[in-house]
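Everything quoted here is computed from the prediction, not taken from an experiment. In what follows, every chain begins at residue 1, and chains take the letters A, B, ... in the order their sequences are listed.
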Protein chains: 2
Amino acid sequence: MSVMQPAERRRLQSRADARRAILDATEALLVEDGYEAFSMRRLADRCGYTAPTIYHHFGDKQHLIDALLDERCQGLVRTLRRVHQSEDLVENLRAFSGAFVRFGLRNPTHYALLSQPRDPGLPVPPAAEEARVLMEAPLHGLAAAGRLTADQEMVGQSLWAFLHGFILLRTTRTDVEWRKDGLDVGIDAFLTGFVREEASR
Amino acid sequence: MSVMQPAERRRLQSRADARRAILDATEALLVEDGYEAFSMRRLADRCGYTAPTIYHHFGDKQHLIDALLDERCQGLVRTLRRVHQSEDLVENLRAFSGAFVRFGLRNPTHYALLSQPRDPGLPVPPAAEEARVLMEAPLHGLAAAGRLTADQEMVGQSLWAFLHGFILLRTTRTDVEWRKDGLDVGIDAFLTGFVREEASR
DNA sequence: TCCGTCTACCTAACGCCGTTAAAGAAACCG
DNA sequence: CGGTTTCTTTAACGGCGTTAGGTAGACGGA
């Protein structure tokens with residue numbers, strides 16, 4: 001592997017700067033006005049480049065959005081890693097669920113975009129998949145300890161469905177008065193149904 | 001209230017026929033190619049009218065889609081009414097959940113459209129709201145019998161979140177291998193957490 | 001029967017969208 | 001210096017949701 005020349009480095013830096021500026025403007029537009037109001041032309045106006053330049057750097061709208069979502073999910077992954085992993089696996093599961101839901105509620109536009117059906121060709125943003133894998137760790141521990149009343153995959157899919165619906169309903173149905181302690185109560189009921197105190201066999 | 005004249009009736013009939021033809025074509029296009037590929041112009045080609053005529057009858061795209069969704073939800077309402085209402089409230093809840101989820105899985109495009117954030121001005125299609133109210137009946141019965149471990153609203157919101165996430169995940173994340181008995185197992189766990197056998201006080 | 005009114009429907013167009021073709025400008029490399 | 005590659009632009013294509021404006025025909029009262 002050869003040493004990078006100063007010129008090459010400068011070129012890569014300027015490319016990185018352009019991508020950074022475009023991504024930042026994308027983020028700002030999405031947070032301010034939501035995805036519905038987002039367009040490549042408005043983004044071009046906002047970030048100072050013209051639309052074809054954005055295409056030069058990101059390919060198309062989908063890849064641009066995916067790049068942004070991947071970055072955001074890296075934030076979630078960092079949060080999940082930071083969440084205290086106690087010896088109490090149940091407490092662990094609760095903490096992860098809380099972090100995940102908080103991510104969704106604080107980034108409703110991003111979460112909605114992540115939830116939309118994807119072209120089967122394109123893979124889910126890597127960091128999103130990484131977050132999903134991380135979330136499974138406490139379940140794996142509980143399964144290994146024989147404390148689940150169903151197999152790990154089953155419990156994981158059920159928990160995922162609950163958390164997913166929880167986030168989407170609260171972010172899309174703003175006409176409903178949602179209970180503030182809904183997550184804790186729901187998770188408790190969920191744990192009552194799927195986790196027992198001690199190993200059975 | 002005056003008697004309707006034949007001419008007036010004929011006029012209303014022809015208006016109803018036009019609406020019917022447009023709605024049928026909308027339904028067909030949505031089922032065949034999904035909402036992404038749907039457009040007023042393609043609909044115009046399909047149903048034989050031009051686009052402005054569709055606007056004449058339905059106002060705009062949103063109202064057209066809403067009219068279709070309302071019709072579909074009336075089907076769900078009929079199904080829910082038909083579901084056997086036994087004396088076993090838990091069995092009842094299970095049956096309703098099953099019917100609701102089946103509706104979502106069989107009409108993924110419609111369900112996704114129902115789930116999208118709405119302009120705060122427009123109301124949810126009436127039949128959708130009616131279905132939601134119907135779904136709460138078994139919960140109300142259980143609450144009245146003192147068999148819920150949390151108040152009815154809380155339990156209802158949790159169950160709604162689970163069912164909603166269940167449907168959306170399975171229809172949008174087709175890359176995942178979902179467990180076939182996921183609904184039954186999830187509902188069982190849910191009931192274990194939220195419903196007790198007999199009244200406590 | 002005639003005439004104003006109203007409904008249904010059309011053609012043409014506006015301003016937006018995502019995207020691409022083509023070309024100039026600038027930096028890099030030999 | 002000359003050739004190549006990268007970045008950026010202007011101009012355009014086809015499609016979108018929607019609206020303005022006009023026409024043909026049915027309706028209802030004189």
Side-chain angles (χ1 to χ4, degrees), chain A residues 2-23 25-26 29-30 33-69 113 116 118-119 121-122, chain B residues 2-26 29-30 33-69 113 116-119 121-122:
Chain A
S2 72
V3 175
M4 195 182 292
Q5 298 303 315
E8 172 79 354
R9 169 171 304 170
R10 210 177 320 128
R11 197 181 61 77
L12 287 182
Q13 183 56 47
S14 107
R15 181 170 180 82
D17 289 346
R19 284 182 60 106
R20 185 74 270 141
I22 294 168
L23 282 174
T26 304
L29 282 183
L30 284 185
D33 306 326
Y35 180 72
E36 188 114 301
F38 177 85
S39 85
M40 299 299 271
R41 283 173 160 87
R42 283 156 82 102
L43 172 58
D45 288 347
R46 176 71 168 247
C47 73
Y49 294 103
T50 58
T53 299
I54 302 170
Y55 281 85
H56 175 70
H57 285 288
F58 288 94
D60 63 10
K61 189 183 182 183
Q62 177 71 61
H63 284 87
L64 166 66
I65 296 289
D66 275 2
L68 185 74
L69 293 181
L113 287 171
Q116 259 164 11
R118 300 180 66 74
D119 191 282
L122 300 176
Chain B
S2 70
V3 175
M4 196 181 292
Q5 299 303 317
E8 172 79 355
R9 170 171 302 171
R10 210 178 319 127
R11 197 179 61 77
L12 287 183
Q13 184 56 47
S14 109
R15 181 168 180 84
D17 289 346
R19 283 183 61 104
R20 183 73 270 140
I22 294 169
L23 281 174
D24 287 347
T26 304
L29 281 182
L30 283 185
D33 305 327
Y35 181 72
E36 189 115 302
F38 177 85
S39 84
M40 299 299 272
R41 283 173 161 84
R42 283 156 83 102
L43 172 58
D45 287 348
R46 176 70 167 250
C47 72
Y49 294 104
T50 58
T53 297
I54 302 170
Y55 281 85
H56 175 70
H57 284 288
F58 288 95
D60 63 10
K61 190 182 183 184
Q62 177 70 60
H63 284 86
L64 166 67
I65 296 290
D66 275 3
L68 185 75
L69 293 181
L113 287 172
Q116 259 166 9
R118 299 180 68 76
D119 190 284
L122 300 176

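- Distance check, rounded to the nearest 0.5 Å: CE of B:M40 to CD1 of B:I22 gives 8.5 Å.
- Screening residues 49-69 of chain B for salt bridge (charged side-chain N to carboxylate O under 4.0 Å, His left out) gives B:D66-B:R118 as the qualifying pairs, with residues at least two apart or on separate chains.
- Applying the salt bridge (charged side-chain N to carboxylate O under 4.0 Å, His left out) test to pairs two or more places apart or on separate chains, those with a residue in residues 43-57 of chain B are B:E32-B:R46.
- At the phosphate of D:dT8, OP1 or OP2 sits under 4.0 Å from a side-chain N or O atom of A:H57.
- For the salt bridge (charged side-chain N to carboxylate O under 4.0 Å, His left out) condition, the pairs that include at least one residue of residues 35-44 of chain A, sequence neighbours left out, are A:D33-A:R42.
- Helix-axis bend for the helix from C:dT1-D:dA30 to C:dG30-D:dC1: the local axis fitted to the five terminal pairs at one end deviates from that at the other end by 10°, rounded to 10°.
- Rounding to the nearest 0.5 Å gives a distance of 6.0 Å between NE2 of A:H57 and OH of A:Y49.
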Can you tabulate the close N/O pairs, meaning under 3.5 Å, that link protein atoms to atoms of nucleotides 14-18 of chain C?
{"residue": "C:dC17", "atom": "OP1", "partner": "A:S39", "partner atom": "OG", "Å": "2.8"}
{"residue": "C:dC17", "atom": "N4", "partner": "A:R41", "partner atom": "NH2", "Å": "3.4"}
{"residue": "C:dG18", "atom": "OP1", "partner": "A:M40", "partner atom": "N", "Å": "3.4"}
{"residue": "C:dG18", "atom": "OP1", "partner": "A:K61", "partner atom": "NZ", "Å": "2.9"}
{"residue": "C:dG18", "atom": "OP2", "partner": "A:M40", "partner atom": "N", "Å": "2.8"}
{"residue": "C:dG18", "atom": "N7", "partner": "A:R41", "partner atom": "NH1", "Å": "2.4"}
{"residue": "C:dG18", "atom": "O6", "partner": "A:R41", "partner atom": "NH1", "Å": "3.4"}
{"residue": "C:dG18", "atom": "O6", "partner": "A:R41", "partner atom": "NH2", "Å": "2.8"}

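- For the pair A:I22 CD1 and D:dT9 C1', the interatomic distance rounds to 14 Å; values are reported in whole Å.
- Atom pair B:D45:CG and C:dC10:C1' shows a separation of 14 Å (rounding to whole Å applied).
- When the side-chain nitrogen and oxygen atoms of B:T50 are compared with OP1 and OP2 of C:dT11, none of them lie within a distance under 4.0 Å.
- Between the CZ atom of A:F58 and the C1' atom of D:dT8 there is a distance of 15 Å, rounded to whole Å.
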Run A:Y55 and A:L64 through side-chain contact (heavy atoms from CB on, under 4.5 Å) and show every step you take. CA-CA 9 Å; A:Y55 281 85; A:L64 166 66; over 6 Å; no
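- Put simply, NE2 on B:H63 is 12 Å from P on D:dT19, counting in whole angstrom units.
- Here C:dA8 presents its P atom at 15 Å from CD1 of B:I54, a figure rounded to the nearest Å.
- For the side chain to side chain donor-acceptor pair (under 3.5 Å) test, no residue two or more places apart in sequence or in another chain qualifies with A:R19.
- Pairing each heavy atom of B:C47 with each of B:I54, the nearest pair is SG-CD1, 4.3 Å.
- Among all heavy-atom pairs drawn from B:L68 and B:L30, the shortest one is CD2-CD1, 3.6 Å.
- The OH atom of A:Y49 sits 18 Å away from the C1' atom of D:dT10 (whole-angstrom rounding).
- In this entry the distance linking CZ of B:R15 with P of C:dT7 reads 9 Å, nearest Å.
- A straight line from NE2 of B:H56 to C1' of C:dT11 spans 16 Å, rounded to a whole angstrom.
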